[in-house]
Amino acid sequence: MFDQFIINSKRKQLIKPGQKILLAISGGIDSMVLLHLFERSEFEYGIAHCNFRLRGDESDGDEAFVREQVEQHGTAAHFETFDTIEYASLKGISIEMAARELRYGFFERIRKEFEYDCIVTAHHQDDLIETFFLNLSRKTGIKGLTGIKEKKGKLIRPLLFASREDIERYAAENSISYREDSSNNEVVFQRNFLRHKILPLFSELNPAFKKNFMASVDNLKVAYDVYKDAVDDEIQAVLTKEKEQSVISIPALQNASHPKIVLLEILSGYGFNASVVDAVFQSLETHSGKQFFSKTHRLVKDRDALFIQELTNDEDRVYYIEEDDMELFAPFNISIERLDANDFSIIKDPTIACIDLDEVQFPLLMRKWQQGDYFQPLGMTGFKKISDFFIDRKMPLHEKENTWLLCSGKNIVWIMGHRLDNRFKVTPSTKQVLKIVMG
């Protein structure tokens, strides 16, 4: 494996002679194998370790282990501790996304401050395969199926040639010490469910599954390059950028060879996911004024154009609940649970919503209410404007201004803390219940 590592790094020019490398080392088997490979090489390197304080003593134990390892070898090292939960709360994102932002922000800061040429992580072949299936399950374009790149800007992943079995074998042969992350065995997480339940079945079906999969991904990468050249030409005819906004010409978009693909490629660059892009595309023939939100941008449809602007006003802030989220910390604490309908009993609490899981489409989004919003109040067959609902309840202005809506696509599911929409209630035919609790 060491020879493959050196050959792969040099042949693909991932790491060049004389470069100073920053290794991301967690203490797990993947990163400790990466560290061992660099110790054997002639590359100049230092290490960076993040303590996210998510697993209590276990997280502190990981940090102590890494410190001990680098002290034994006299390696330059950089350590940082984060309050990941607080950061997630402030940013209104999931714990996983918060950890990712903190991790790569820290790596980049250290890279610049200490003049490292690039950052190296221990992602391997199985990570690429898992990412492919996760992207596929969440709805993606062809780019999402090309997997993790070996080199992206200053970020290098030189172990993508190696499988998890290769790494485990190398660790055993070289008596490499490492820390086991207990969360890796929790099947509740989507990536771990794929790792432990789904992907082994593919290998049972075809022992050459991983080898063939990697060859298929290489073919997809070539296809994506061809596809991107063609789409980029069409984007130039559709998109113009002004000082404070980007503008998509609807007539030019509709004249494109593949308008929906062009729209997806443009909007994904502004943080809009595939489900929102579908809704935008369906709105092209409707009246003006419809608005769509990503975490960073707002899109407004006019008669002949789509205007994209960066969000600057908190009133425009939108928070997403992805299918695998279990908790959010903004705009307030939220816990999310999925229950079998047989284990469920009705809960009469306005801060708890019990929803028929089959009736909603992820990602769900939370936003402030707007004039013109309407819903079907629980227990009623007709629709009602939310503004009228507030008047009937004699809600004071400050309470109205602080009211959030949970939405599935363009439909309101729940006036959070007040009333569920009748279309999403639990019924005798419900199979699974989505329980959302406001903390």
Side-chain angles (χ1 to χ4, degrees), residues 8-16 104 108 117-119 121 123 125 127-161 211-243 245-285 292 294-297 299 301 304-310:
N8 188 64
S9 298
K10 291 183 177 180
R11 180 169 60 85
K12 297 184 178 180
Q13 295 189 323
L14 301 178
I15 304 170
K16 299 176 182 178
Y104 286 107
E108 181 61 14
D117 293 291
C118 58
I119 301 161
T121 67
H123 290 93
Q125 191 178 98
D127 293 317
L128 185 152
I129 296 172
E130 291 162 9
T131 299
F132 173 94
F133 281 101
L134 284 174
N135 288 345
L136 188 66
S137 69
R138 291 170 178 167
K139 197 173 187 180
T140 187
I142 188 172
K143 184 179 181 180
L145 301 180
T146 58
I148 304 171
K149 296 184 182 300
E150 286 184 298
K151 187 172 185 178
K152 184 178 181 181
K154 299 294 184 180
L155 186 61
I156 311 295
R157 303 179 179 100
L159 297 188
L160 290 183
F161 70 89
K211 179 181 178 181
N212 293 342
F213 184 94
M214 296 303 293
S216 298
V217 168
D218 286 340
N219 291 337
L220 279 170
K221 288 178 179 177
V222 174
Y224 177 72
D225 288 340
V226 176
Y227 155 90
K228 192 172 186 304
D229 286 343
V231 172
D232 283 349
D233 288 341
E234 295 203 313
I235 288 176
Q236 289 184 12
V238 169
L239 178 68
T240 56
K241 294 188 178 182
E242 300 175 359
K243 188 173 183 180
Q245 64 183 359
S246 297
V247 183
I248 299 173
S249 166
I250 293 177
L253 178 65
Q254 292 173 325
N255 287 331
S257 301
H258 303 283
K260 192 171 183 180
I261 292 296
V262 173
L263 187 64
L264 175 64
E265 290 296 323
I266 294 173
L267 295 187
S268 61
Y270 295 95
F272 292 91
N273 62 44
S275 296
V276 177
V277 174
D278 281 346
V280 173
F281 187 75
Q282 293 168 13
S283 78
L284 295 181
E285 301 292 342
F292 302 87
S294 71
K295 291 182 179 180
T296 56
H297 288 78
L299 181 149
K301 180 192 177 295
D304 297 320
L306 303 172
F307 296 92
I308 306 166
Q309 300 168 328
E310 187 174 359

Decide yes or no for [X] and [Y]: does some side-chain heavy atom of the first lie under 4.5 Å from some side-chain heavy atom of the second?
X    : Y    : value
H123 : L128 : no
L306 : L284 : yes
L267 : F281 : no
I235 : D232 : yes

More than 12 heavy atoms from other groups under 6.0 Å of NZ on K151: yes
Neighbour count >12 (heavy atoms, 6.0 Å) for atom NZ, K221: yes
What closest approach, in Å, do [X] and [Y] show between heavy atoms, and which atom pair accounts for it?
X    : Y    : result
I248 : L263 : CD1-CD1, 4.0 Å
L145 : F132 : O-CD1, 3.3 Å
T121 : P158 : O-CD, 3.7 Å
E150 : L160 : CG-CD1, 3.6 Å
I250 : A305 : CD1-N, 3.5 Å
R157 : L155 : NH2-CD2, 3.1 Å

Quick one: [atom1] on [X] to [atom2] on [Y], what's the gap to the nearest 0.5 Å?
X    : Y    : atom1 : atom2 : value
I148 : I129 : CD1   : CD1   : 10.0 Å
S268 : I266 : OG    : CD1   : 9.0 Å
E310 : S294 : CD    : OG    : 9.5 Å
K143 : L264 : NZ    : CG    : 10.5 Å
K154 : I156 : NZ    : CD1   : 9.0 Å
Q125 : L159 : CD    : CG    : 11.0 Å

By side-chain contact (heavy atoms from CB on, under 4.5 Å) - contacts of S246 (at least two apart): L239, K241, Y270, I308
Pair listing, salt bridge (Lys or Arg N to Asp or Glu O under 4.0 Å) test, anchored in residues 264-279, at least two apart: K139-D278, K260-D278
Partners passing side chain to side chain donor-acceptor pair (under 3.5 Å) against [X] (at least two apart in sequence or in another chain):
X    : answer
E285 : Q254
K16  : none
T131 : R191

Pairs meeting criterion ring pair (Phe, Tyr, Trp, His ring centres under 6.0 Å) with involvement of residues 245-267, two or more places apart: none
